[in-house]
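Below is one structure, written out as structure tokens; comments come after it.
In this chain, residues are counted from 1 in sequence order.
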Amino acid sequence: MGSVDLIKSCRDSIRQISDQIKGAILYIDYGTAESFQFIGAFPLLLQLGARAVCSLENLSPLDAAADWSSNYTEPVTKAVIFTSRFLSDTHKYVLRLVGTHKTILTCSIFTSVSEISHSTHIDSPLGPDAFHEYQTLLSQDHEELIKNSKSNKNISTDDFTPMSVSVSHFPTLICPVSSKSFIFPSAGVVSELGLSSESEESVGLGLPAVSVDQGSDGEDAPAGVSLTAHFLYYLADKLDLKLEIFSLGSTSKTLGKTMMDMSSLYDVSRRSKKSTGLLLIDRTIDLFTPLSHSNSFLDRLLSSLPRQHFASSAQNPKNVVKRAPLDIDVPFEAILREEQGDRLYENIINFVSGFNEEGGNNNNNNNNNNNNNNYENATELSGEFLANYENASYLEGLIERGAKDGFLLVKKWLLETLKRENIPFISKGKFESEIHEMIKLLSKDQKCLVRNSGIIKLALAADVASSDWSSSKWDAFTSAEKMLSISSVESSQSLSSEIRDFINTSVSDKSILSLKDALLLSLQGYILAGENFPTSVSLSPFSWEEERELKDAVLDAIFEKPQIVNFKFLKGLEKELEKRASNLNNEKHESDCEKNQDQIDDFDDQWGNWDEEEEEERETEEERESNYGDVQLKLELRDRIDQLFKFFQKLSSLRERNSSVKELLGFLRSYDQTGSERKSLLYKLLNAVLINGDLEGIEYHSSAVGRFFKSGFGRFGLGQAKPNFGDQDVLFVFVVGGINSIEIREAMEAVRESGRPDTELILGGTTLLTPDDMFDLMLT
């Protein structure tokens with residue numbers, strides 16, 4: 001068997017349904033669009049004969065008029081729908097589709113959610129035969145919809161032709177970051193459902209719980225855990241992988257149990273598949289790595305630009321975990337503002353805004369007005385340009401690059417594009433000084449701009465990431481994290497002092513780092529304190545006095561600049577904080593007015609003296625009410641900040657809560673290289689298992705047959721030997737809660753350093769995490 005190529009496997013899955021795609025109009029939801037961008041599916045769909053690919057959530061009657069190949073003259077009769085959600089969530093959009101395009105006779109639906117997930121999920125109304133039930137339901141609703149439409153128009157319903165409906169499972173709706181690593185679509189239901197419930201052990205709905213128990217049964221597991229188990233099982237089956245399942249962490253243990261139970265029930269063809277070791281790891285076992293600002297080009301890019309968020313179509317949006325996709329908005333107007341009169345700016349405006357029909361027959365003045373409106377409205381260039389195209393896998397090339405290497409690689413791609421377009425250019429200076437000139441050359445011709453839109457958008461994004469402001473902020477973070485790391489090996493007093501200084505300086509107008517940034521550093525500080533200053537006497541790694549000073553610093557920062565806060569622990573105090581911010585603005589305005597009043601002639605002092613006492617009394621009363629409100633707000637803030645620091649203490653005590661994890665992490669610390677950067681847990685774990693084969697603390701999930709041999713024939717010496725994860729030829733590591741780009745790079749590095757070139761590594765995670773993403777999952 002050949003090696004696993006995730007991008008190729010996803011494309012092959014689409015080719016396998018080419019008969020349904022040919023001549024059909026395709027509708028895809030947000031999650032599917034995200035997946036298709038990663039694998040470069042849209043050119044493939046065109047090759048397979050799709051009439052058009054349209055957004056399911058933004059359906060329009062004009063969609064049927066689009067025809068990519070221009071080979072069809074008859075009305076569209078076939079519709080293919082791809083969805084990454086439950087059929088019950090998608091149903092309203094499907095009904096709108098068949099009601100809008102009344103010529104549809106065949107409707108094929110492909111969902112990434114398996115039939116067993118539909119039948120077991122608490123919010124799904126479908127039973128064990130979910131797909132067949134939905135086919136019947138949609139056929140009935142379509143018949144009722146068409147007949148009602150005809151009867152309203154006094155048209156006979158005798159000639160009604162029933163629509164043929166099919167529902168199939170499509171398990172490869174993933175987002176391959178590279179040919180060997182993937183994440184789930186951020187707008188898909190598997191990513192959106194929580195991995196933990198609101199409890200003392202939770203650090204956020206989108207992350208596994210910090211728990212000391214032995215893992216719950218599959219029936220009691222959070223919805224996101226069971227759906228992840230089902231998804232991974234069917235994905236592995238599609239990739240022809242026979243899994244030996246291992247886990248590290250309580251949530252991963254529950255997930256592993258669910259997958260093994262499924263394997264016992266459904267898998268009948270394991271012998272023909274490639275033997276693979278699957279290691280499931282809780283994200284909460286290593287929270288420090290994704291919180292850190294490491295030397296990663298992709299992390300810098302994602303942290304420097306705004307990310308788009310999709311509106312969820314889930315039935316219970318309150319319980320939805322909002323994960324940021326790799327869909328970056330590039331504010332090119334700010335980058336190329338000086339080029340507004342140039343052809344470059346006009347070309348990019350046309351590329352973003354599309355053809356303007358309204359301006360076609362207007363005079364020049366109207367055209368100028370329309371152009372001005374375009375400049376104002378089309379200020380951002382968005383799209384998942386960090387994708388893997390057929391001939392240019394940008395994301396795969398950048399995922400393992402450091403900041404400097406990433407910028408050099410983007411410059412290399414730009415130069416290669418110029419050479420391919422036969423545009424002369426001689427590179428003389430740095431990336432930042434040449435990028436605008438290269439983009440101008442590629443954008444002078446509209447066709448050239450469209451052909452090379454991916455690299456142009458990537459270059460513009462890299463320009464933002466390399467700007468003085470972005471670089472200064474990233475450098476400030478890395479410098480602060482180094483200071484925390486140094487202080488953490490000295491004393492708790494030194495570490496708490498550093499954290500307090502970050503919080504105090506965050507409210508300064510000259511500070512690069514905000515209060516949010518200071519709290520992110522506080523998260524890292526508490527995790528480091530828990531590693532270096534473990535204590536069994538109190539919950540906090542710091543003394544009472546040290547922690548009180550930290551709490552006071554946070555209180556003063558919020559009180560001094562209340563308009564800068566938007567945190568989960570302050571929910572419900574928005575109005576009071578807004579009022580406080582308004583009072584501070586009024587005080588500043590009054591102070592400025594008093595300074596101006598001193599310049600007025602003393603002549604005015606002779607008048608209006610009889611009102612002074614009344615005005616003073618009124619001002620005193622207002623001041624008294626304001627002071628009372630401030631005292632009440634401070635008392636409420638103290639309670640909220642106490643809760644925040646209990647959360648910090650929970651993070652610091654993670655190692656003490658689980659003895660098996662504590663022993664494993666203590667053992668893995670021996671793999672830290674003296675004098676080098678701190679390595680991720682995943683790097684040290686893979687290093688250890690590739691050398692030792694197995695580690696204490698990693699649990700193996702045996703099959704039903706294996707358990708029978710172990711409990712029955714084992715007493716006669718016929719027991720089944722436990723396999724070692726590190727001995728497998730294919731290693732599949734999935735991080736429950738999300739993986740970081742640094743971890744992907746270091747994991748691949750660990751395999752290369754192991755001296756085992758035949759070992760194949762596949763990496764996966766719920767999402768791709770940056771430090772800001774981690775902060776949002778825990779505190780916003």
Side-chain angles (χ1 to χ4, degrees), residues 9-10 13-14 16-17 20 27-29 31-32 35 56 79-95 106-142 163-174 184-185 187-193 217-243 245 254-270 273 313-316 704:
S9 297
C10 291
S13 296
I14 296 176
Q16 290 169 7
I17 57 172
Q20 290 95 319
Y27 278 92
I28 59 178
D29 64 4
T32 307
S35 173
L56 182 62
V80 174
I81 300 169
F82 287 91
T83 178
S84 57
R85 313 199 62 81
F86 287 113
L87 293 171
S88 54
D89 292 337
T90 311
H91 185 60
K92 59 183 178 182
Y93 300 113
V94 178
L95 275 184
T106 304
C107 181
S108 302
I109 302 174
F110 296 91
T111 173
S112 64
V113 184
S114 66
E115 195 165 25
I116 187 175
S117 296
H118 277 90
S119 62
T120 57
H121 184 58
I122 189 171
D123 289 332
S124 175
L126 301 174
D129 195 10
F131 289 173
H132 183 265
E133 290 178 24
Y134 185 74
Q135 289 173 196
T136 305
L137 173 66
L138 181 58
S139 298
Q140 294 173 350
D141 286 352
H142 172 256
M163 181 178 66
S164 174
V165 180
S166 66
V167 180
S168 305
H169 185 209
F170 196 80
T172 54
L173 277 184
I174 58 174
F184 295 149
V189 69
V190 182
S191 290
E192 286 188 349
L193 290 179
D217 294 333
E219 296 180 358
D220 301 327
V225 175
S226 58
L227 252 69
T228 299
H230 298 162
F231 195 103
L232 289 176
Y233 173 80
Y234 285 108
L235 176 63
D237 183 65
K238 186 69 175 179
L239 297 175
D240 290 330
L241 302 178
K242 182 184 72 173
L243 299 179
I245 303 174
T254 303
L255 202 154
K257 284 182 179 178
T258 305
M259 292 185 68
M260 186 50 64
D261 291 341
M262 292 179 65
S263 177
S264 302
L265 291 172
Y266 301 105
D267 199 344
V268 295
S269 59
R270 289 168 59 86
K273 298 179 180 180
S313 58
Q315 294 180 357
N316 295 320

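- The side-chain hydrogen bond (donor to acceptor under 3.5 Å, both in side chains) search around Tyr27 returns Asp63, His101, not counting sequence neighbours.
- Ser13 is linked by a side chain to side chain contact (heavy atoms under 4.5 Å, CB included) to Phe170, Thr172, Lys238, counting only residues two or more places apart in sequence or in another chain.
- Distance check: Cys10 SG to Leu173 CG gives 8.0 Å after rounding to the nearest 0.5 Å.
- Nearest heavy atom pair, residue Ser88 against residue Pro125, reads CB-CD, 3.6 Å.
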Under the criterion side chain to side chain contact (heavy atoms under 4.5 Å, CB included), I'd like the reasoning laid out for Leu232 against Phe184: C-alpha separation, chi angles, the key distance, then a yes or no. CA-CA 10 Å; Leu232 289 176; Phe184 295 149; 4.2 Å; yes

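- Not counting sequence neighbours, the partners of Gln135 by the side chain to side chain contact (heavy atoms under 4.5 Å, CB included) test are His132, Val165, Val167.
- When all heavy atoms of Thr83 and Arg85 are compared, the closest pair comes out as OG1-N, 3.1 Å.
- Contact record, Gly31 with Pro185: O-CB, 3.4 Å, taken as the closest heavy-atom pair.
- A donor-acceptor pair shorter than 3.5 Å can be found between the side chains of Asp29 and Thr32.
- The CD1 atom of Ile109 lies 7.5 Å from the OG atom of Ser166; values are rounded to the nearest 0.5 Å.
- Scored by the side-chain hydrogen bond (donor to acceptor under 3.5 Å, both in side chains) test, Asp129 finds no partners at all (sequence neighbours excluded).
- Under the 3.5 Å distance criterion, the side-chain polar atoms of Ser35 are matched with a main-chain donor or acceptor of Ile174.
- With sequence neighbours excluded, the residues satisfying side chain to side chain contact (heavy atoms under 4.5 Å, CB included) with Ser114 are Ile116, Ser117, His169, His230, Tyr234.
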Go through it in stages, so that I can follow the logic: the residues are Ile81 and Thr111, the test is side chain to side chain contact (heavy atoms under 4.5 Å, CB included), and I'd like the CA-CA distance, side-chain angles, deciding distance and then a yes or no. CA-CA 8 Å; Ile81 300 169; Thr111 173; over 6 Å; no

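- Here the shortest heavy-atom pairing between Asp141 and His91 reads OD2-NE2, 2.9 Å.
- Every residue two or more places apart in sequence or in another chain was checked for a side-chain hydrogen bond (donor to acceptor under 3.5 Å, both in side chains) with Ser191, and none qualifies.
- For the side-chain hydrogen bond (donor to acceptor under 3.5 Å, both in side chains) test, no residue two or more places apart in sequence or in another chain qualifies with Thr228.
- Atoms CD and OG, from Glu133 and Ser119 in turn, are 9.0 Å apart once rounded to the nearest 0.5 Å.
- With a 4.5 Å cut-off on side-chain heavy atoms, Met163 and Leu138 count as touching.
- Phe82 and Ile17 make their closest contact through CZ-CD1, 3.5 Å (heavy atoms, listed as atom of the first residue, atom of the second, distance).
- Between the Glu115 side chain and the Phe131 main chain, a donor and an acceptor come within less than 3.5 Å of each other.
- Heavy-atom minimum distance, Leu87 versus His118: N-NE2, 3.0 Å.
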Determine, stepwise, if the pair Leu193 / Phe86 fulfils side chain to side chain contact (heavy atoms under 4.5 Å, CB included). CA-CA 12 Å; Leu193 290 179; Phe86 287 113; 4.2 Å; yes

